Protein chains: 2
Amino acid sequence: MPSDHTRSAILAAAERLYADRGFGDVTLRDIVAEANVNLAAVNYHFGSKDELIAELFVTRSIATNRERLRELKTAEEAGGGRAPIEVILRALVGPTLRGCLGPENQRSTAARFMIRASIESVPPIRRIKNREIDHLRKFAGAMRRSLPDRSDVDIYWGLNFALAMAHHTIRESERLTKLSEGKCNLDDVEDVVERVVSVATMALTAGRTEAKAPSKVAAR
Amino acid sequence: MPSDHTRSAILAAAERLYADRGFGDVTLRDIVAEANVNLAAVNYHFGSKDELIAELFVTRSIATNRERLRELKTAEEAGGGRAPIEVILRALVGPTLRGCLGPENQRSTAARFMIRASIESVPPIRRIKNREIDHLRKFAGAMRRSLPDRSDVDIYWGLNFALAMAHHTIRESERLTKLSEGKCNLDDVEDVVERVVSVATMALTAGRTEAKAPSKVAAR
DNA sequence: GATAGTTTCATACAACTGTTTGAATTGCAA
DNA sequence: TTGCAATTCAAACAGTTGTATGAAACTATC
């Protein structure tokens, strides 16, 4: 029996409880009860509650990021260093959407945890998210190579909007279902991915002269 | 001297502290110290901490919603019941963006509070947000009238994406600035509004007759 | 100016939090 | 086995939190 039995029991219990009930009202005592270990074990194995949360989030994050980069790399290699913008965007938002949407009953604990992390923002997770910039820069680079005529500003805005649509859809999936009375089917993940990719592509490829004049007349 | 001096002092202090430091680490004792009132005053005047937060958020929300609906009503009346989709979208995302973006030093406490409320989601605020659906339905209705050929599903997705871009840009404005190394100028609010409106318009009109849209051709 | 109602105040309460402690237990090597 | 380190455990700690209490201070009405 591996000596880290306690450690992984805590991780599993914590992820499950956080996913179900949110960070707000899950205490260390809840976690150790669920994991059938002693209260002190958390501090012994992780140092602090925040480090436990951070480890959970980091683990899931790097898994997603790796998946994104894998898709990106494949696409760029296939295109001789330049991938179509749609494919880049799909690599950016696909893994996250696929991980977090889909039929509720078959949504993994990991996915539900990541949704929580996206809805309820807690300090240890925010700190980690701030370090994600380097990761996004790689995508900005790929997008620039794919659309060399496009200004940097437009690239960044396109990236921002793509992430916006993906993350917001995950965060507010429940509300969108209710608002649309079920007409928007969030279980059809590939359809959601294509919608996001298609709009983001339009944002990045439409209307050339759009970017520079902030003093344009705003119709009113 | 008005008898609600204490009440409004608490509201003002709470909004300021929450805006500056977030909900997580502002206690009732911080608030009453800032407001120079007694600790018990919060429970006396508001019932509980959560009700205080709720009152703050509700006040600001209905102000924004009223502004949105005012813009929408003006536009629809001018168009004889049908407003151009761009104008509807501008009424939807304009007030929020104008309230929350802009030069940091001239951002109101109210705006900074609303940004906090958007970043750190706490239970009393989440409960209120869930009741916002009726408000959004009004916009969905206006959009349907503006684009009668469009399916409901497409309308809801367009609405969802418009809100996504606006809210995400507010939430992650700092990160976008850092990622773009300042190239994306979030202080030019009207430029941001036009970017969001333009992309959302494309999302809603692409692949259909562009007859009425004065916007540029959406490449695809 | 006494009275009734509201508001303020200092203080205590009760519960819960993450963390620490130091002794017991376990697993493993010599 | 003996010795030693790693782990587990019950218990307590120290701090904070939101809330409740009951007396005091006001305010306005009669």
Side-chain angles (χ1 to χ4, degrees), chain A residues 1-58 113 116-117 120-128, chain B residues 1-58 113 116-117 120-128:
Chain A
M1 175 138 39
S3 118
D4 67 348
H5 167 273
T6 302
R7 225 187 113 87
S8 34
I10 292 173
L11 284 170
E15 184 166 47
R16 214 172 71 71
L17 288 179
Y18 284 142
D20 284 345
R21 293 164 32 195
F23 297 100
D25 46 50
V26 171
T27 72
L28 286 189
R29 283 169 177 82
D30 294 331
I31 294 172
V32 298
E34 178 82 5
N36 276 312
V37 301
N38 187 269
L39 174 58
V42 173
N43 289 278
Y44 178 78
H45 285 282
F46 298 93
S48 72
K49 182 196 186 182
D50 279 11
E51 289 173 83
L52 166 61
I53 294 179
E55 171 148 348
L56 279 171
F57 186 70
V58 165
F113 172 82
R116 277 289 178 195
E120 297 176 37
S121 189
V122 291
I125 288 184
R126 261 196 303 267
R127 276 193 286 273
I128 294 165
Chain B
M1 176 140 40
S3 119
D4 65 348
H5 166 273
T6 302
R7 225 186 111 87
S8 34
I10 292 174
L11 284 170
E15 184 165 47
R16 215 173 70 71
L17 288 180
Y18 284 142
D20 284 346
R21 293 163 33 195
F23 298 99
D25 47 47
V26 171
T27 72
L28 286 189
R29 283 167 176 81
D30 294 330
I31 294 172
V32 298
E34 178 82 5
N36 275 312
V37 300
N38 187 270
L39 173 59
V42 173
N43 288 278
Y44 179 78
H45 285 281
F46 297 93
S48 71
K49 183 197 185 181
D50 278 10
E51 290 174 83
L52 166 62
I53 295 180
E55 172 147 348
L56 279 172
F57 185 71
V58 165
F113 171 81
R116 277 290 178 195
E120 297 177 36
S121 189
V122 292
I125 289 184
R126 261 196 303 267
R127 276 193 287 273
I128 294 166

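Convention: sequence-line order gives letters A, B, ...; per-chain numbering from 1. Note that the structure is predicted; figures quoted are calculated from it, not measured.
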Sorted by chain and residue number, the salt bridge (Lys or Arg N to Asp or Glu O under 4.0 Å) partners of B/Arg29 (sequence neighbours excluded) come out as none

Enter the distance from B/Arg127:CZ to B/Ile53:CD1 here, rounded to the nearest 0.5 Å.
10.0 Å

B/Ala117 and B/Ile125: which non-hydrogen atoms are nearest, and at how many Å?
CB-CD1, 3.6 Å

Out of D/dT8, C/dT8, D/dG18, minimum distance to the side chain of B/Lys49 belongs to D/dG18

Can you list, by residue number, the residues of residues 17-35 of chain B that have a non-hydrogen atom closer than 4.0 angstrom to DNA chain C?
B/Arg29

Which of residues 37-44 of chain A sit near DNA chain D, with a heavy atom under 4.0 Å from it?
A/Asn38, A/Ala40, A/Tyr44

Residues at least two apart in sequence or cross-chain that pass ring pair (Phe, Tyr, Trp, His ring centres under 6.0 Å) with B/Phe23, listed by chain then number, are B/Tyr18, B/Phe113

Identify, with sequence neighbours excluded, every residue that meets side-chain hydrogen bond (donor to acceptor under 3.5 Å, both in side chains) alongside A/Arg126.
A/Ser121

By the salt bridge (Lys or Arg N to Asp or Glu O under 4.0 Å) test, which pairs, at least two apart or in different chains, include something from residues 12-22 of chain B?
B/Glu15-B/Arg60, B/Arg16-B/Asp20, B/Arg16-B/Glu34, B/Asp20-B/Arg112, B/Arg21-B/Asp30

Could you tell me which non-hydrogen atom of A/Ala13 sits nearest to which non-hydrogen atom of A/Ile31, and how far apart they are?
CB-O, 3.8 Å

Residues at least two apart in sequence or cross-chain that pass side-chain contact (heavy atoms from CB on, under 4.5 Å) with A/Val37, listed by chain then number, are A/Thr6, A/Ile10, A/Val32, A/Ala35, A/Ala41

Take B/Glu55 and B/His45, measure what side-chain contact (heavy atoms from CB on, under 4.5 Å) needs, and give me the verdict at the end.
CA-CA 11 Å; B/Glu55 172 147 348; B/His45 285 281; over 6 Å; no

To the nearest Å, how far apart are B/Phe46 CZ and D/dA20 C1'?
18 Å

Within less than 4.0 Å of OP1 or OP2 of C/dT8, is there a side-chain N or O belonging to B/His45?
yes

What heavy-atom pair brings B/Asp4 and B/Ser8 nearest, and what distance separates the two atoms?
O-OG, 2.8 Å

Specify the angle, to 10°, made by the local axes at the two ends of the helix from C/dG1-D/dC30 to C/dA30-D/dT1 when five pairs are taken at each end.
0°

Please enumerate all residues that pass side-chain hydrogen bond (donor to acceptor under 3.5 Å, both in side chains) together with B/Ser48, with sequence neighbours excluded.
B/Glu51

Could you state the atom-to-atom distance from CG of A/Asp4 to P of D/dT7 in whole Å?
10 Å

Return the value, rounded to whole Å, for the distance between atom CD of B/Glu51 and atom C1' of D/dG18.
13 Å

A/His5 atom NE2 is separated from C/dT26 atom C1', nearest whole Å, by 15 Å

